[in-house]
Each structure stands twice: as structure tokens, then as C-alpha cells.
Amino acid sequence: MNASKILVVGAGVFGTSAALELRLRGHSVTLMDPGPLPHPEASSTDVSKIIRADYGADTFYARFAHDCIPAWRRWNSKAGRTFYHETGFLLLAGEEMRPGGFEHDSHEVMTSLGQDVERMDGGRLRRRFPAWTSGRYPDGYFNPNAGWAESGNVVAWLLTLARKEGVVLREGERMEALLEEGSRVAGVVTDRGVEHRSDIVVVAAGAWTPTLLPWMGEALRCVGQPVYHFKPADPEPYRPDRFPPWAADIANTGWYGFPAQSDGTVKIANHGRGFPVDPRGKKVVPDEVDQWFSEFLTETFPGLAGSPIVRRRLCLYCDSWDGDFWIDWDPDHEGLLVATGGSGHGFKFAPLIGSVISDRIEGKANPWESRFRWRTLGKRRTEAARME
Ligand SMILES: Cc1cc2nc3c(=O)[nH]c(=O)nc-3n(C[C@H](O)[C@H](O)[C@H](O)COP(=O)(O)OP(=O)(O)OC[C@H]3O[C@@H](n4cnc5c(N)ncnc54)[C@H](O)[C@@H]3O)c2cc1C
């Protein structure tokens, strides 16, 4: 493909990694975002995201994530600092693991991929990871080839690389509408009425995408998911060697969490049905959610239950109807490629997602793009770790 003028809308992890990769392939690239960057409301912007290949029976995402883990290690080397903390990941079941269960099937797939995972029963769990005292999770396993990434810092680093490589960053500009000439998209118009012309527009605006491209409103929706940060008086039991990132019967309960940050705060969140949100409005955690967290902590981590909440956030997912990402040309708008639909599980693919998007643009084969193609609605399903 000849070098093109490409405008990428949205500087979260999808947009920024695509902009960087496209620039490295010789295209002239502009990246636009209202900012400040990394945008505080972007899904990608947070202190941490879990990096795991454990995906139930879904071998597509398991293999894709499995390929990303060495790429995360390479990013650490390239950056000369640790963005990806390979602390391992604890996947716990609410009962004995059985075929068809998320933990059982993840265990099978991980073993088949040669991962040296460590089976956990209740006693072993308490001995290895003493904060887990409740007995509520009698089975599961620890996967050492996993961990968490400093997601906001990763995006900031990618933005620095992108700038250095010559991506033009339009921070502080917001796409209002596509600039359409007949059936062709010729660029975008900002909310201040400025036109930016390009050969190709990539809309990677995460949860804002269905608002910007309203015809996608059936396939994509914005939901808010609660994320809480607690400050225990004694953070030692929650340090990474004793308290790696975890998911507790996640397909049924939605609960997952992270080790203490260096400031002693512990992040716990729920990956569930979520709350419908207008991404342009206020994102307020509904009142009842404090009670959910309180009940979960009282049962699972009594030591954390009374700890002050230092931050609560309703974080936005861009859910696709089937939980798969959405990376393809819009069949009705020539020159427009949509790259979104992270559906609450997209960050771990950061090291390879820019290539997936760029290959789609350049018409090159990519081993991972098949599930992300334009598709019609079908029976609603969701990512396997997610309660419906
Ligand atoms: C609470 C939570 C927990 C998660 N946990 C994990 C996890 O543990 N592991 C994992 O792998 N994934 C996780 N994810 C999913 C992951 O974070 C997302 O899939 C990924 O970050 C999506 O990136 P994105 O670039 O598509 O969207 P975003 O990061 O939201 O970026 C979209 C960008 O578009 C910009 N934008 C919006 N409107 C406009 C406009 N009009 N013009 C220009 N720009 C615009 C925004 O400012 C923003 O910067 C989680 C997500 C959330 C919310």
C-alpha cells in the first residue's frame, strides 16, 4: 500500500498504538484527542490493568494474549523500566473446578499451551497468599506467566514514542462529525468547526464511538463499571509477592483486584453487567455500589473491609454486542476504519493491537483479525470472564 494520510481519532491504547505503528510503516499520521493525555476518562487510563492469557475455553483470545506476554517483556526492555509487572495471576473458583467453568477451562487451555500453572486448594491458597482467609474459594490456580501493567503510563510512553517518530498530535481537539463527500469520508470536522482532511479516518474513540458514529449504536454500547481504591492501615498483606492480581469466581461474581501500589492503595473492581452511561455526561458511581463492595470485602478480605475508600470511579467500557473487538472498514463509509470494542478486556493486547489495526488498513493478513471483522448482530454473548 502507498503511504497515506491517516487521521486517528482517539488516543487511548487502540488509537495510540495504531498511530505509532502506522507511522513506523511510513504513513503520514495525525492523532486527535480532546485530552489532556492520557485522557483521565479513557478506559486505558488507570494505574493498572491485568495482563493474562486465561480466557476460559476461548483459545483464540488465550493464544492472542499468550503471544502478547513476551511482547510485554520486550516493551519493558525497550522502555528501560517496568511497565508490565510479571507478578503472576490468581484465578479462583467458587467451587471445585468443573468442565464448562471459566477457571477449569482456562486451566485446561493454559496447560495445553505449556504454562506451568500451580493448582490451588483452600489450604494452599492461605499458605501461599495469606490475605485469602475466607474459604469461599476452594479451588483455582496461580499462573506465573501473567501480571499487571501500568496502563496510563504505557499510553503516555506510546504517545512519547509516537511524537518522536513524527505522529502529529492534535491534543485538545475533539471530532464532532465525519467530513463526508458523497459516500467517501474525507476527514473530520472538530467541535470548533475546523476541518482536518485525510485519505483514511480511523475512529478509535472507545466508549465515545457509538455517539460519534450513531449507526454503530446497536453493535457497540457504552457501560460504566465500578473501580475502587482502598487505603488499608497496613498494606503489607497486599504487597505483590503475597497478593498478586486475582479474579474470584469472576464469571459469576465479577470481582477482581490488584496488589497494593507503592503508595499502599489497593484497587478492587467489578467486571459485570455494568451501568448504561452517556459518555458525554457525568460518570457517577451509583449509590448501591458502596454496599456491594462492603459486602464482598467483609466476606473475602475482612482486613480491608473498614479501610478508607480513597477513590471511586465509573470506568467506561466500549462493549461490542459479542465481546469481540471491532476493527474493520465501515462497509457504508468508504475511507473509514473503526477500531474499538475493547469490551473490558482489550488492554493486555496493547503490544500487538497496533499491528492488527495497521494490517487491516494495509490489507495485509494478520493471524488475529478474523474475530474483529464487521459483523451483523446475533445472539448476545460476552467475554467469558464476564457475568451476563
Ligand atoms: C474498569 C476497567 C477495567 C479494565 N480492566 C482491564 C484489564 O484488567 N485488562 C485488560 O486487558 N483490559 C482491561 N480493560 C479494558 C481496556 O482498558 C480497554 O479495552 C482499552 O483500554 C480500550 O482502549 P481504547 O483505546 O479503545 O479506548 P479508550 O482508552 O477509552 O480511548 C478512547 C479515546 O478516545 C478519545 N475520544 C473520545 N471522544 C473523542 C472525540 N470526539 N474526538 C477525539 N477523541 C475522542 C478519548 O478522550 C480517549 O482518549 C478495562 C477497562 C476498564 C474500563
Side-chain angles (χ1 to χ4, degrees), residues 7-19 30-55 61 64-65 68 72 89 146-149 151-152 154-155 158-159 170-178 188-191 196 201-213 220 222-228 245-247 250 254 256-258 267-272 274 277 279-280 283 313-320 323 325-327 338-350 353-354 357 383 385-386:
L7 174 60
V8 180
V9 176
V13 75
F14 276 49
T16 305
S17 52
T30 299
L31 178 60
M32 172 188 293
D33 197 290
L37 290 173
H39 195 288
E41 291 189 347
S43 298
S44 308
T45 309
D46 205 340
V47 292
S48 53
K49 302 284 179 193
I50 296 178
I51 307 301
R52 58 169 165 96
D54 314 73
Y55 261 90
Y61 283 109
F64 188 14
C68 286
W72 275 107
F89 170 59
W148 62 279
S151 55
V154 169
V155 174
L158 292 172
L159 285 164
R170 292 199 175 278
E171 183 174 0
E173 294 196 43
R174 183 189 305 271
M175 170 186 158
E176 177 74 21
L178 294 172
V188 308
V189 184
T190 71
D191 57 349
H196 292 294
V201 172
V202 177
V203 174
W208 291 265
T209 308
T211 315
L212 288 173
L213 309 177
L220 304 173
C222 170
V223 296
Q225 304 273 349
V227 178
Y228 279 46
W246 51 269
I250 189 166
Y256 68 99
F258 295 82
K267 174 176 147 185
I268 295 184
N270 197 273
H271 177 65
V277 177
R280 295 160 299 187
K283 291 95 194 170
R313 175 183 178 199
L314 201 62
C315 182
L316 304 182
Y317 284 10
C318 178
D319 271 345
S320 68
F325 311 149
W326 200 286
I327 300 173
V338 177
T340 187
S343 304
H345 65 114
F347 201 86
K348 62 184 72 62
F349 302 102
I353 207 77
I357 298 168
E383 192 245 330
R386 183 95 165 272

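In each ligand, atom 1 is the first atom listed, and ligand 1 is the first ligand listed.
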Exercise. Provide the number and element of each atom of ligand 1 under 4.0 Å from a heavy atom of Gly206.
Key: 26 (O), 27 (O), 32 (C)
Self-check item: Phe347 and ligand 1 - part of the residue with a heavy-atom distance under 4.0 Å
Solution: both
Quiz item: Are the side chains of His271 and Tyr317 in touch, meaning some heavy atoms are under 4.5 Å apart?
Solution: yes
Quiz item: Pick from Val9, Val8, Thr30, Asp33: which one makes a side chain to side chain contact (heavy atoms under 4.5 Å, CB included) with Arg170?
Solution: Thr30
Self-check item: Under 4.0 Å to a heavy atom of Ala204 - the qualifying atoms of ligand 1, by number
Solution: 32 (C), 34 (O)
Quiz item: When you look for heavy atoms under 4.0 Å from ligand 1, do you find them on the side chain of Ile50, its backbone, both, or neither?
Solution: both
Practice problem: Below 4.0 angstrom from a heavy atom of Leu212, which ligand 1 atoms are there? Numbered from 1 as shown, please. | Solution: 40 (C), 41 (N)
Quiz item: For ligand 1, which atoms, with element, lie under 4.0 Å from some heavy atom of Cys315?
Solution: 1 (C), 2 (C), 52 (C), 53 (C)
Quiz item: Counting heavy atoms only, which part of Leu316 comes closer than 4.0 Å to ligand 1: side chain, backbone, both or neither?
Solution: backbone
Quiz item: Hey, which atoms in ligand 1 end up nearer than 4.0 Å to a heavy atom of Val9?
Solution: 42 (N), 43 (C), 44 (N)
Exercise. Within a distance under 4.0 Å of any heavy atom of Met32, pick out the atoms of ligand 1 and give their elements.
Key: 43 (C), 44 (N)
Self-check item: Numbering as shown, the atoms of ligand 1 that approach Ala42 to under 4.0 Å (heavy-atom distance)
Solution: 28 (P), 29 (O), 30 (O), 31 (O), 48 (C), 49 (O)
Practice problem: Answer side chain, backbone, both or neither: which part of Tyr256 comes under 4.0 Å from ligand 1, heavy atoms only. | Solution: side chain
Quiz item: What distance separates Met175 CE from Asp191 CG, expressed to the nearest 0.5 Å?
Solution: 11.0 Å
Quiz item: Should you measure from each heavy atom of Arg174, which atoms of ligand 1 turn up under 4.0 Å away?
Solution: 40 (C), 41 (N), 42 (N)
Quiz item: So Phe325 and Phe14, would you call those rings parallel, tilted or perpendicular, with 30° and 60° as cut-offs?
Solution: perpendicular
Quiz prompt | For ligand 1, the portion of His39 having any non-hydrogen atom under 4.0 Å away | solution = side chain
